Protein chains: 2
Amino acid sequence: MKSETKIRNSGCPVAFGLDTFGDRWSLLVIREIMLRGKRTYSEFLQAEEGIATNILIDRLKHLESQGILEKNRDPENRRSFVYSLTSKGYDLAPILIELIIWSGKHDDRANAKRDVLEEIQRDRDSFEMKLRGV
Amino acid sequence: MKSETKIRNSGCPVAFGLDTFGDRWSLLVIREIMLRGKRTYSEFLQAEEGIATNILIDRLKHLESQGILEKNRDPENRRSFVYSLTSKGYDLAPILIELIIWSGKHDDRANAKRDVLEEIQRDRDSFEMKLRGV
DNA sequence: ATTACATATTGCATTTCGCAAGTTATTTTT
DNA sequence: AAAAATAACTTGCGAAATGCAATATGTAAT
């Protein structure tokens, strides 16, 4: 996990966030958990974007080391591990929501999925509560 | 600019946003413009994080091709170009704000800069207006 | 014409990524 | 108890992206 060693450490909050989860895959893993209820390594692998196994495990370890995810054995399936968001991880919900709003406004592809966007527009606060599992 | 060819195109708004500006440098360029009033190639190069020249020009072209930036000659210095945000680019303000809020909450380094965070907390809406140049 | 400045490009070593195959640990089936 | 199946990794290697230094191109001032 080399990516962890390279820290810009500029003190800027934007740079801090980018160092923590600002790569092409971390937010997709977080989306799988927060928006789609996925929890295990093999479920993340099935995501439509097709993440490679070594990249996935690298990101899971990184996010875990950053206190965004935590890993525990699945009590219902002893050979499986469950990744879940910490409160620090759930605090990413507003970023995810703003990302969805931005894309909803600017992605004009016909196949763009609009259901989540409409749900946000109806009631953003309760959508955020839902993401947080409250 | 190979990064442009690799598009996940999954239809998911999170993936769309990540494809558009979800690398380690794009948001830093946008920060330079939106939060620090920087406008030119050489100003971006001076950012504390130290972006390489080839990466910078790659990202500028990419963001321009995505309609987030536009490039014009500086009327006051005819040998310089000015990059500015389009309205699509300014719409990234809420994402930047949420990123700053998240980092402000979770970056416990002593040197983390808190002035911007406090300004957001006092009045988020007028901070966003300020970023948008309104 | 020369110099200086600003933007951009090129070459090359290093790092990361993506894909396929293999490994380890645990559980189920026979 | 042995074999098969499942889940979570790990490894190897070619391809792509990145970082750094040097060079090139275009514009303006002297």
Side-chain angles (χ1 to χ4, degrees), chain A residues 1-10 15 18-29 32-33 37-65 69-84, chain B residues 1-10 15 18-29 32-33 38-66 69-84:
Chain A
M1 202 181 346
K2 310 255 174 60
S3 52
E4 242 188 298
T5 63
K6 188 182 290 175
I7 287 176
R8 277 181 292 235
N9 203 33
S10 66
L18 291 174
D19 281 336
T20 311
F21 58 85
D23 64 272
R24 290 197 133 78
W25 293 106
S26 290
L27 274 181
L28 285 182
V29 171
E32 290 297 302
I33 302 177
K38 300 299 161 70
R39 313 177 306 153
T40 65
Y41 179 89
S42 45
E43 282 178 321
F44 302 147
L45 270 187
Q46 291 162 21
E48 56 204 346
E49 287 87 3
I51 184 167
T53 59
N54 55 345
I55 304 296
L56 174 58
I57 196 66
D58 181 274
R59 295 307 184 278
L60 289 172
K61 284 178 178 169
H62 178 69
L63 291 171
E64 195 188 351
S65 79
L69 293 182
E70 61 182 23
K71 177 185 175 181
N72 294 106
R73 278 205 180 276
D74 186 344
E76 287 156 19
N77 178 1
R78 286 273 308 155
R79 69 185 135 182
S80 174
F81 290 95
V82 168
Y83 291 89
S84 51
Chain B
M1 202 184 346
K2 310 254 176 58
S3 51
E4 243 189 298
T5 61
K6 188 183 291 173
I7 287 175
R8 278 180 291 235
N9 202 35
S10 68
L18 291 173
D19 281 337
T20 310
F21 58 84
D23 64 272
R24 291 195 133 76
W25 294 105
S26 290
L27 275 181
L28 285 182
V29 171
E32 290 297 302
I33 302 177
K38 302 296 163 65
R39 310 177 306 154
T40 64
Y41 177 89
S42 47
E43 283 178 321
F44 301 147
L45 271 186
Q46 290 162 23
E48 56 204 346
E49 286 87 3
I51 185 167
T53 58
N54 55 344
I55 305 295
L56 174 58
I57 197 67
D58 181 272
R59 295 306 184 276
L60 289 172
K61 284 178 178 170
H62 179 68
L63 291 171
E64 195 188 353
S65 79
Q66 297 298 308
L69 294 182
E70 60 181 25
K71 178 185 177 184
N72 294 106
R73 279 204 179 276
D74 187 343
E76 285 154 21
N77 180 357
R78 288 271 309 154
R79 70 183 136 182
S80 175
F81 291 96
V82 170
Y83 291 90
S84 51

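Every chain is numbered from 1 and lettered A, B, ... according to where its sequence line falls, protein lines coming before strand lines. Values reported hereafter were calculated over all heavy atoms of this structure, with side chains retained and with hydrogens, waters and symmetry mates removed. Please read all numbers here as calculations on a predicted model, not as lab measurements.
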### Query
Is there a donor-acceptor pair under 3.5 Å between the side chain of B:H62 and the backbone N or O of B:F21?
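No.
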Does a side-chain N or O of [X] approach OP1 or OP2 of [N] to a distance below 4.0 Å, or not?
X     : N      : value
B:W25 : D:dA17 : no
B:K61 : C:dT7  : no
B:S42 : C:dT7  : yes
A:Y83 : D:dA7  : no

### Task
On DNA chain C, check which nucleotide each of B:T40 and A:G50 is closest to and give me the residue with the more 5' one.
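In this pair, the answer is B:T40.
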Could you grab the distance from atom [atom1] of [X] to atom [atom2] of [Y], nearest 0.5 Å is fine?
X     : Y     : atom1 : atom2 : answer
B:Y41 : B:K38 : OH    : NZ    : 16.0 Å
B:T53 : B:D58 : OG1   : CG    : 11.0 Å
A:E49 : A:E32 : CD    : CD    : 7.0 Å
B:I33 : B:L69 : CD1   : CG    : 4.5 Å

Rounded interatomic separation in angstrom, taking [atom1] from [X] and [atom2] from [N]:
X     : N      : atom1 : atom2 : result
A:R73 : D:dA7  : CZ    : C1'   : 10 Å
A:F44 : C:dG18 : CZ    : P     : 18 Å
A:I51 : C:dG18 : CD1   : P     : 8 Å
B:D58 : C:dT10 : CG    : P     : 13 Å
B:E49 : D:dG19 : CD    : P     : 12 Å
B:N54 : D:dC20 : CG    : P     : 10 Å
A:N77 : C:dA25 : CG    : C1'   : 12 Å
A:N72 : D:dA8  : CG    : P     : 13 Å

### Task
Evaluate the side-chain proximity of A:L28 to A:R59: yes if any heavy-atom separation is below 4.5 Å, no if none is.
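Answer no - side chains too far apart.
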### Note, B:V82 side chain near B:R39 side chain (heavy atom, < 4.5 Å)
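Yes. Closest side-chain heavy atoms under 4.5 Å.
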Of the listed nucleotides ([options]), which one gets closest to any side-chain atom of [X]?
X     : options                : result
A:R78 : D:dT27, D:dC20, C:dT26 : C:dT26
A:R59 : C:dA6, C:dA8, C:dC17   : C:dC17
A:A52 : C:dA8, D:dA8, C:dC19   : C:dC19
A:I55 : C:dG18, D:dA7, D:dT18  : C:dG18
B:Y41 : C:dA8, C:dG18, D:dC9   : C:dA8

### Residue closer to the 5' end of DNA chain D, A:R79 versus A:K71 (nearest nucleotide)
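It is A:R79, whose closest nucleotide lies nearer the 5' terminus.
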#### Entry: Inter-end axis angle, the helix from C:dA1-D:dT30 to C:dT30-D:dA1, with every axis fitted to five base pairs (rounded, 10 degrees)
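Terminal axis comparison yields 10°.
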### Message
Holding to ring-ring contact (aromatic ring centres under 6.0 Å, His included), I want the full list of residues that pass it with A:F44, two or more places apart in sequence or in another chain.
### Response
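ring-ring contact (aromatic ring centres under 6.0 Å, His included) check on A:F44 returns nothing, list empty.
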### Query
Would you say the base of D:dT10 and the side-chain of A:T53 have a donor-acceptor pair closer than 3.5 Å?
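Answer yes: a donor N or O sits under 3.5 Å from an acceptor.
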